[in-house]
S.K.: 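Below is the structure I would like to discuss, written out as structure tokens.
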Amino acid sequence: MRRTAVFRPRRAMARALAPVAVAALVSALAAGCSDDGDADSDAEDDDSDVAVAPLTEEQISEAVLQEDNIGEGWTSTPSSEDDSSGPGCFGDIDALTDGLPEKAKAGTEFAYGDAELPFVESSVTAYDDETAIAAVFDQVQTVLAACTTITDTDEEGVIWDLAMVFDDSATLDDVDDQFHASATGTLTQPGGDPVEIFIEWTSVRLGPNIGTVATIDTQERPTEHATWAEIAVDRLAAVAEGEEPDATTAPAPA
């Protein structure tokens with residue numbers, strides 16, 4: 001599918017987001033047996049101790065944002081891979097996640113209208129080792145908290161000049177960990193003029209599963225992004241619990 005000039009470098013952004021992974025989000029499933037085997041323990045107490053399993057590809061495909069969630073006027077395609085390194089601190093994130101075995105992953109990209117803006121990506125990646133991915137998720141947050149600017153040229157010659165804001169406030173329910181980052185600034189294609197860009201990025205962890213929703217546009221979209229992220233979290237929560245996700249549709253971008 002054709003991309004506008006501003007989105008030719010979007011794959012580098014997706015590459016940076018996907019490993020910590022680039023929308024959609026898994027819910028907290030805590031269910032299981034008590035360690036002391038107390039016969040008087042009720043089902044609710046038992047449900048608090050079962051570890052969350054890695055989602056399968058089929059589950060992930062259901063858990064990410066769907067066309068019905070995003071509404072009319074959008075074009076959707078499967079998320080694409082890109083092996084190039086991200087610019088600035090995104091490259092540091094790549095280094096943290098290199099070699100971490102993935103069990104399953106999937107995602108969907110949405111582009112709105114003829115201009116294909118805003119662009120939204122919802123993705124989920126399941127890992128085998130919860131302890132390892134939990135440690136990496138913490139390290140990624142440390143990197144992002146210290147990353148206030150990205151001024152770099154990527155492997156495609158695109159110049160990134162962004163100011164970053166990191167927030168690890170717990171605003172989403174039913175997840176083990178979460179963070180949000182936003183970036184504003186310009187991207188400049190080789191030989192082109194700077195294009196103003198706004199990025200919103202939300203990632204969550206539930207057990208060994210990482211979900212991300214990323215929004216890119218040439219105008220600010222914090223409210224719309226928050227709605228898409230919340231719908232994605234709700235979908236993942238339902239899928240992780242073996243339930244049918246609610247048929248929620250977000251308003252069209254203004």
Side-chain angles (χ1 to χ4, degrees), residues 1-4 6-7 10 13-14 17-18 21-29 52 55-80 104-126 167 169-175 178-183 197-206 209-254:
M1 180 173 64
R2 180 186 62 82
R3 295 291 181 200
T4 56
V6 70
F7 273 160
R10 69 164 175 74
M13 173 60 67
L17 303 185
V22 134
L25 309 157
V26 178
S27 77
L29 253 192
V52 178
L55 298 184
T56 65
E57 288 188 10
E58 182 178 359
Q59 288 175 310
I60 289 173
S61 295
E62 185 180 9
V64 296
L65 287 172
Q66 309 291 305
E67 290 183 355
D68 288 346
N69 299 131
I70 209 78
E72 297 182 355
W74 297 80
T75 301
S76 65
T77 56
S79 295
S80 54
K105 65 179 177 180
T108 304
E109 301 171 353
F110 300 92
Y112 187 68
D114 293 337
E116 300 181 344
L117 291 167
F119 170 86
V120 178
E121 182 172 17
S122 170
S123 63
V124 175
T125 304
D167 184 5
S169 301
T171 59
L172 298 167
D173 297 330
D174 299 326
V175 293
Q178 61 187 284
F179 67 79
H180 175 78
S182 60
I197 193 167
F198 299 87
I199 299 166
E200 302 286 340
W201 165 16
T202 299
S203 284
V204 302
R205 181 182 68 81
L206 175 67
N209 305 290
I210 303 295
T212 293
V213 174
T215 300
I216 306 174
D217 201 354
T218 53
Q219 60 180 289
E220 293 180 289
R221 296 288 185 184
T223 302
E224 293 94 332
H225 174 84
T227 299
W228 296 323
E230 184 176 2
I231 294 173
V233 170
D234 290 343
R235 288 196 67 85
L236 281 168
V239 171
E241 294 171 0
E243 299 176 357
E244 183 78 16
D246 291 337
T248 304
T249 302

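Source: prediction; values computed, not measured.
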S.K.: Quick one: pull up CD1 in I197 and CG in L117 and give me the separation to the nearest 0.5 Å.
M.R.: 8.5 Å
S.K.: According to side-chain contact (heavy atoms from CB on, under 4.5 Å), who are the partners of S61, at least two apart in sequence or on a separate chain?
M.R.: A106
S.K.: Exactly one of Y112, W201, F119, W74 should register a ring-ring contact (aromatic ring centres under 6.0 Å, His included) with W228. Which one does?
M.R.: W74
S.K.: Without swapping roles, check the side chain of S203 against the backbone of F179 for a donor-acceptor pair under 3.5 Å.
M.R.: no
S.K.: Which atom pair, heavy atoms only, marks the closest approach of P253 to E224?
M.R.: CA-OE2, 4.5 Å
S.K.: For F198, check ring pair (Phe, Tyr, Trp, His ring centres under 6.0 Å) against everything at least two apart and list the hits.
M.R.: none
S.K.: Please report the interatomic distance CG(D217) to NE2(H225), rounded to the nearest 0.5 Å.
M.R.: 12.5 Å
S.K.: Please check if atom CD in E58 has more than 12 non-hydrogen atoms from other residues, nucleotides or ligands closer than 6.0 Å.
M.R.: no
S.K.: Heavy-atom count check: over 12 atoms from other residues, nucleotides or ligands less than 6.0 Å from D167 CG?
M.R.: yes
S.K.: State whether a side-chain donor-acceptor pair under 3.5 Å links T248 with D246.
M.R.: no
S.K.: When you measure from the side chain of R221 to the backbone of I216, do you find a donor-acceptor pair of N or O atoms at a distance under 3.5 Å?
M.R.: no
S.K.: One pair to check against side chain to side chain contact (heavy atoms under 4.5 Å, CB included): L172 and T202. What are the steps and the verdict?
M.R.: CA-CA 10 Å; L172 298 167; T202 299; 3.8 Å; yes
S.K.: Might you point out which heavy atoms bring A229 and V213 nearest each other, and give the distance in Å?
M.R.: CA-CG2, 4.1 Å
S.K.: First locate atom CZ of R235, then atom CD1 of I60, and finally report the distance between them rounded to the nearest 0.5 Å.
M.R.: 13.0 Å
S.K.: If you count every heavy atom of other residues, nucleotides or ligands that lies below 6.0 Å from E72 atom CD, does the total exceed 12?
M.R.: no
S.K.: With the side chain counted from C-beta on, respond yes when V239 and E241 share a heavy-atom pair under 4.5 Å apart, and no when they do not.
M.R.: no
S.K.: Find the distance between CZ (F110) and CG (L65) and round it off to the nearest 0.5 Å.
M.R.: 5.5 Å
S.K.: Out of curiosity, T108 OG1 to I70 CD1, how far, rounded to the nearest 0.5 Å?
M.R.: 10.0 Å
S.K.: If the condition is side-chain contact (heavy atoms from CB on, under 4.5 Å), which residues does P78 pass it with, not counting sequence neighbours?
M.R.: none
S.K.: Kindly say whether T171 contributes a backbone atom to a donor-acceptor pair with the side chain of Q178 at under 3.5 angstrom?
M.R.: yes
S.K.: Could you grab the distance from atom CG of D234 to atom CG of D173, nearest 0.5 Å is fine?
M.R.: 8.5 Å
S.K.: Determine whether a donor-acceptor pair (N or O, by modelled atom type, separation under 3.5 Å) exists between the side chain of N209 and the backbone of L55.
M.R.: yes
S.K.: Which atom names give the shortest non-hydrogen contact between T249 and G71, and what distance separates them?
M.R.: CG2-CA, 3.8 Å
S.K.: Side-chain donor-acceptor pair under 3.5 Å between T75 and E116, yes or no?
M.R.: no
